[in-house]
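Quick notes on the structure that follows.
Since we're looking at a predicted model, the values are computed, not measured. Quick note on labels: first sequence line is chain A, next is B, and so on, each numbered from 1.
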Protein chains: 2
Amino acid sequence: MTTTPAPGSPAWWTRRTTPAPAPRRGRGRPSLDTDQMVATALRLIDEHGVQTFSLRTLADALGSSTATLYRHFANKDEILALTVDLALGEAHTTPSGGPAEWRDVLSTMGHQLRAVLARHPSLLPTLMDHVPVGPNALAQRERVLAALLHHGLPPALAARAFTAVGHYVIGFAVQQREFDGPPLADYYGRLDPATHPAIAATAESLTAIGPDDEFAFGLGLLLDGLAQQIDR
Amino acid sequence: MTTTPAPGSPAWWTRRTTPAPAPRRGRGRPSLDTDQMVATALRLIDEHGVQTFSLRTLADALGSSTATLYRHFANKDEILALTVDLALGEAHTTPSGGPAEWRDVLSTMGHQLRAVLARHPSLLPTLMDHVPVGPNALAQRERVLAALLHHGLPPALAARAFTAVGHYVIGFAVQQREFDGPPLADYYGRLDPATHPAIAATAESLTAIGPDDEFAFGLGLLLDGLAQQIDR
DNA sequence: ACCTGAACACCGTTCAAGT
DNA sequence: ACCTGAACACCGTTCAAGT
């Protein structure tokens, strides 16, 4: 019995249990271990985008070979998942000041997660196609859920609120991301008003508000709905 | 001046303006045209997943060659975008019964979009990494926004509500999708309650409710928040 | 004028052969 | 015991050569 079995392919995020003895080379210090490899991968993805990130480039940056990577990780997906989890570790998902209300807990979580995505925009695609269940992701889920339960939220509501806020932040980041060109609102605004009158009419008001305000607006909307659900 | 310039790479979704004369071979009927190619691509993706979809397999299915595909499309991304737009065309985003309330408009949109994703789950990754701006996506945005404006929603609110519902549905689909293995709730439930007490406590209540109810719950939550925003 | 085989420069992954 | 060059079976994309 190794570690907890993960959903989907066999333990897809878990660090591969080292094949034989531990792969440390120096004396006490790990020299070049798995953590440093993941950190290097995150740096490469931040600097050059996930599109150009390959096992070749990672091996080169480490002064190693692609075959060696497979002694530390099961496959490329696992490396990407660990990379996401490393970045998630930067978030402080509970408010620093003492005992907050449940609303503050979720608001802080939303803003912190958004900050992580702002620092590592290239991680967005990877974050989207798997629910992160790495150690840092789990620790944060635990911390936030514990805080919500502590403030009296029913368990079912707490779990769904956590998910809802997570989805909102990711969804917002996707929308916000401007491709290589002009923002989406400009594109909508340039459509023919004759064929798309409603899109044109709403496009203007989209640009009037800054992204920070829009983020806060939508998050507040979600929390308002939650509050109503509780008082019911 | 061709068509409206799209965001990002030059007109990434628009059908490539045919190079020379129109590429129709028969007499009046298009025989094997771009639309059929996209339809075949969608079928292949539905049947075998987006992971195994390659230009080679598409060319084979069409009895053609990969090089020929580039006479109809700019690149693979464009094919995927058109595939998504074709699927989005299946949605009927306005309620069939006469003049509904704004709440019904958004609710219908949410359920319709969810139905499309249920029919074409393999499209989820593609839907996630670009905001769809194909002809069908635009037509639906137009229809829904027009209905919302007609029912008195302020333009800024209408635009954000549309986005919020879209994000919610996509986010829900991501969460709902079970990988190859057991659902996520099972995974959470199997974690050590000693180290993750809150996750364990909330995992139980997650499985108690069916996916349809959970979807409706979250959507209602969002709409409640919106309603409060309007009455303010 | 249209189509395509074959090439190009890559991938992720594996394994026999090195030390 | 550990590492890796080189291969394998693919990619998306291009273009010279066919008809």
Side-chain angles (χ1 to χ4, degrees), chain A residues 9-13 16-27 30-34 36-38 40-41 44-45 48-83 122 125-126 129-130, chain B residues 9-13 16-27 30-34 36-38 40-41 44-45 48-83 122 125-126 129-130:
Chain A
S9 25
W12 63 271
W13 70 266
R16 149 177 287 184
T17 57
T18 56
R24 42 189 63 212
R25 289 188 288 186
R27 213 62 242 259
S31 140
L32 184 71
D33 63 355
T34 305
Q36 290 188 35
M37 292 179 170
V38 174
T40 301
L44 288 177
I45 291 173
H48 308 107
V50 77
Q51 205 60 248
T52 67
F53 174 78
S54 76
L55 297 191
R56 253 93 162 172
T57 62
L58 177 57
D60 283 353
L62 292 169
S64 178
S65 85
T66 57
T68 303
L69 293 176
Y70 284 83
R71 301 189 59 76
H72 295 259
F73 311 100
N75 49 38
K76 191 188 186 184
D77 269 2
E78 188 182 275
I79 297 181
L80 291 178
L82 287 171
T83 289
S122 298
T126 312
D129 57 34
H130 295 298
Chain B
S9 25
W12 65 269
W13 71 265
R16 149 176 289 184
T17 57
T18 56
R24 44 186 63 210
R25 290 186 288 187
R27 211 64 240 259
S31 136
L32 183 71
D33 64 353
T34 305
Q36 289 187 37
M37 292 179 170
V38 174
T40 302
L44 287 178
I45 291 173
H48 307 106
V50 76
Q51 206 59 249
T52 67
F53 174 77
S54 76
L55 298 192
R56 252 92 161 172
T57 62
L58 177 56
D60 284 354
L62 292 168
S64 177
S65 85
T66 57
T68 304
L69 294 175
Y70 284 84
R71 303 188 58 76
H72 296 259
F73 310 100
N75 49 40
K76 191 188 185 183
D77 269 2
E78 189 182 276
I79 297 180
L80 291 178
L82 288 170
T83 289
S122 297
T126 312
D129 59 34
H130 295 297

Side chain to side chain, A:Phe53 and A:Thr126, heavy atoms closer than 4.5 Å: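 With C-beta onward as the side chain, the pair stays apart.
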Side chain to side chain, A:Val50 and A:Thr83, heavy atoms closer than 4.5 Å: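 In short, these two side chains do not touch, never coming nearer than 4.5 Å.
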Nucleotide opposite C:dT13 in a Watson-Crick or G-U pair, distances under 3.5 Å: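 By the stated definition (distances under 3.5 Å), D:dA7 pairs with C:dT13.
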Pair assignment for D:dA1, Watson-Crick or G-U wobble, requiring both distances under 3.5 Å: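 For D:dA1, the partner nucleotide comes out as C:dT19, under the 3.5 Å rule.
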Among C:dG12, D:dC11, D:dT14, the one nearest B:Ser54 by side-chain distance: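 Looking only at side-chain atoms, B:Ser54 lies closest to D:dC11.
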Whole angstrom is fine here: how far is it from [atom1] in [X] over to [atom2] in [N]?
X: B:Leu58; N: D:dC11; atom1: CG; atom2: C1'; result: 14 Å
X: B:His72; N: C:dT4; atom1: NE2; atom2: P; result: 10 Å
X: B:Leu55; N: C:dG5; atom1: CG; atom2: C1'; result: 16 Å
X: B:Lys76; N: D:dT14; atom1: NZ; atom2: P; result: 15 Å
X: B:Glu78; N: D:dG12; atom1: CD; atom2: C1'; result: 14 Å
X: B:Tyr70; N: C:dT4; atom1: OH; atom2: P; result: 15 Å
X: B:Leu69; N: C:dT4; atom1: CG; atom2: P; result: 10 Å
X: B:Leu80; N: D:dC11; atom1: CG; atom2: C1'; result: 14 Å

Most 5' of B:Ala67 and B:Arg56 on DNA chain D, judged by nearest nucleotide: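 Going by which nucleotide is closer to the 5' end, it is B:Arg56.
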Is the side chain of [X] donor-acceptor paired with the backbone N or O of [Y] at a distance under 3.5 Å, no angle test?
X: B:Asp33; Y: B:Gln36; value: yes
X: B:Asp77; Y: B:Leu80; value: no
X: A:Thr68; Y: A:Ser64; value: no

Output yes when at least one side-chain N/O atom of [X] is less than 4.0 Å from OP1 or OP2 of [N], else no.
X: A:Arg71; N: D:dC3; value: yes
X: B:Ser65; N: C:dG5; value: no
X: B:Ser64; N: C:dC3; value: no

Nearest-nucleotide 5' precedence on DNA chain C, A:Thr68 against A:Phe53: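 That would be A:Phe53.
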